[in-house]
*Asks:* 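One structure, pasted below without further comment.
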Amino acid sequence: MSYKDKLTNAVGGLVGIAFFLGILTLLAVLIKGMAWFSLMVMPWLPIIFSWTTLICLVLILPSAIFKKTRQFSAIGFVVASYVYGALLCVGSFIITYEFWGATGVAVGLFLFGIGIVFTSFLAAMFNAEWAIVWNILVMVSITYGLRLFGYWLLAKVEQQSSYIDME
C-alpha cells in the first residue's frame with residue numbers, strides 16, 4: 001500500500017470520526033433544546049389537559065349520541081387523542097430527562113424505537129415513583145382508548161351511510 005493510499009484512508013477515517021462527533025453534538029443540542037422547550041410548556045400541560053377533557057365531556061361525548069353529529073364526535077375524539085398523546089410525549093420527555101438525563105432521552109428517542117413514553121415508564125419504575133407510573137399508564141389508556149373509540153364511531157358513521165346508500 002502506497003503512502004497516498006494510507007493518507008487517503010487516514011483522512012477518510014478522520015472525516016468519518018468528525019462526522020460522527022458532529023452528529024453527537026447535534027443530538028446533544030437537540031436534546032437540550034427539547035428540554036428547554038418542554039420546561040417552558042410544562043406549566044401549560046395541566047391547563048391543556050383540563051380544557052381537552054372538558055371539551056370531550058361537554059361537547060364531543062354528547063354529540064356521539066345523535067346520528068347527524070356522530071361524525072363530528074368521532075373526529076373530535078381522534079383529535080383529542082392526539083392532544084393527549086402530545087401531552088404524554090412532552091411529560092414523558094420531562095420525566096426521562098429529570099431521572100436519567102440526556103443519555104436516557106437519547107436512548108428513549110433513538111435506540112430500537114423504544115420510545116420516550118416507555119423510557120419514562122422505566123425511569124419512574126426504577127426510581128419508585130409509582131404515582132408517575134400510574135399517570136403514564138392512565139395517559140396511554142386515555143390516548144389510545146379515545147383514538148379507538150373515535151375510529152369505532154367513524155366506522156359506525158360509514159356503516160350507516162352505506163345502509164342509507166343501499167336504500
Side-chain angles (χ1 to χ4, degrees), residues 26-102 104-127 129-167:
L26 182 63
L27 178 64
V29 168
L30 180 67
I31 289 174
K32 289 291 183 183
M34 289 169 49
W36 174 83
F37 175 77
S38 297
L39 291 175
M40 288 294 117
V41 299
M42 193 168 102
W44 293 93
L45 298 181
I47 296 167
I48 295 168
F49 178 86
S50 300
W51 275 101
T52 304
T53 303
L54 182 69
I55 290 169
C56 282
L57 291 175
V58 173
L59 184 64
I60 299 172
L61 185 61
S63 68
I65 298 170
F66 307 106
K67 289 180 183 179
K68 289 188 177 194
T69 58
R70 197 166 286 154
Q71 184 173 9
F72 163 79
S73 180
I75 293 169
F77 280 127
V78 171
V79 169
S81 78
Y82 281 101
V83 171
Y84 286 125
L87 294 174
L88 177 63
C89 286
V90 171
S92 295
F93 180 90
I94 293 169
I95 291 165
T96 304
Y97 193 78
E98 287 294 318
F99 288 138
W100 287 354
V105 170
V107 168
L109 290 175
F110 299 108
L111 186 64
F112 302 122
I114 291 173
I116 196 70
V117 175
F118 185 67
T119 308
S120 70
F121 180 80
L122 290 177
M125 277 184 49
F126 287 133
N127 286 286
E129 294 289 342
W130 304 114
I132 294 174
V133 169
W134 284 110
N135 283 338
I136 292 169
L137 290 174
V138 167
M139 283 298 291
V140 168
S141 300
I142 290 172
T143 299
Y144 289 105
L146 278 182
R147 193 166 303 161
L148 287 173
F149 184 63
Y151 286 138
W152 177 77
L153 278 177
L154 204 53
K156 198 168 180 174
V157 167
E158 290 176 3
Q159 183 183 32
Q160 289 169 350
S161 69
S162 67
Y163 285 142
I164 293 171
D165 292 342
M166 292 174 71
E167 292 178 356

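Just so we're clear, the structure is a prediction, and the values are computed from it rather than from any experiment. We're numbering straight along the sequence, starting at 1.
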*Asks:* Output a table of donor-acceptor pairs, distance under 3.5 Å, between side-chain atoms of residues 36-50 and any protein atom two or more places apart or on a different chain; print 'none' if there are none.
*Replies:*
unit_1	atom_1	unit_2	atom_2	d
Ser38	OG	Met34	O	2.8
Ser50	OG	Pro46	O	2.8

*Asks:* Under the side chain to side chain contact (heavy atoms under 4.5 Å, CB included) test, which residues partner Tyr144, sequence neighbours left out?
*Replies:* Val140, Arg147

*Asks:* List the atom of Thr69, the atom of Ser63, and the distance in Å for their closest heavy-atom pair.
*Replies:* OG1-O, 2.6 Å

*Asks:* Taking only residues two or more places apart in sequence or in another chain, which ones pass ring pair (Phe, Tyr, Trp, His ring centres under 6.0 Å) with Trp152?
*Replies:* Phe149

*Asks:* Please lay out, stage by stage, how Leu137 and Phe121 fare under the test side-chain contact (heavy atoms from CB on, under 4.5 Å).
*Replies:* CA-CA 8 Å; Leu137 290 174; Phe121 180 80; 3.8 Å; yes

*Asks:* Hey, is CD on Glu129 packed in by over 12 heavy atoms from elsewhere, all under 6.0 Å?
*Replies:* yes

*Asks:* For Gly150 and Ala74, work out which heavy atoms get closest and say how close.
*Replies:* O-CB, 3.3 Å

*Asks:* Please report the shortest heavy-atom distance between Gly104 and Thr119, naming the atom on each side.
*Replies:* O-CG2, 3.6 Å

*Asks:* Going through the distances and angles, do Ile95 and Ile136 end up as a side-chain contact (heavy atoms from CB on, under 4.5 Å)?
*Replies:* CA-CA 10 Å; Ile95 291 165; Ile136 292 169; 4.2 Å; yes

*Asks:* Can you pull out every side-chain hydrogen bond (donor to acceptor under 3.5 Å, both in side chains) where at least one residue sits in residues 85-99? Sequence neighbours excluded, please.
*Replies:* Lys32-Tyr97, Ser92-Ser120

*Asks:* List, one per line, each side-chain donor-acceptor pair under 3.5 Å for residues 83-90, sequence neighbours excluded.
*Replies:*
unit_1	atom_1	unit_2	atom_2	d
Tyr84	OH	Thr53	N	3.2
Tyr84	OH	Thr53	OG1	2.6

*Asks:* Taking Arg70 for its side chain and Ile65 for its backbone only, find out whether a donor-acceptor pair lies under 3.5 Å.
*Replies:* yes

*Asks:* So how far is it from Ile60 CD1 to Leu54 CG, rounded to the nearest 0.5 Å?
*Replies:* 10.0 Å

*Asks:* Could you work out, with side chain to side chain contact (heavy atoms under 4.5 Å, CB included) as the rule, every residue matching Phe126, not counting sequence neighbours?
*Replies:* Trp100, Leu122

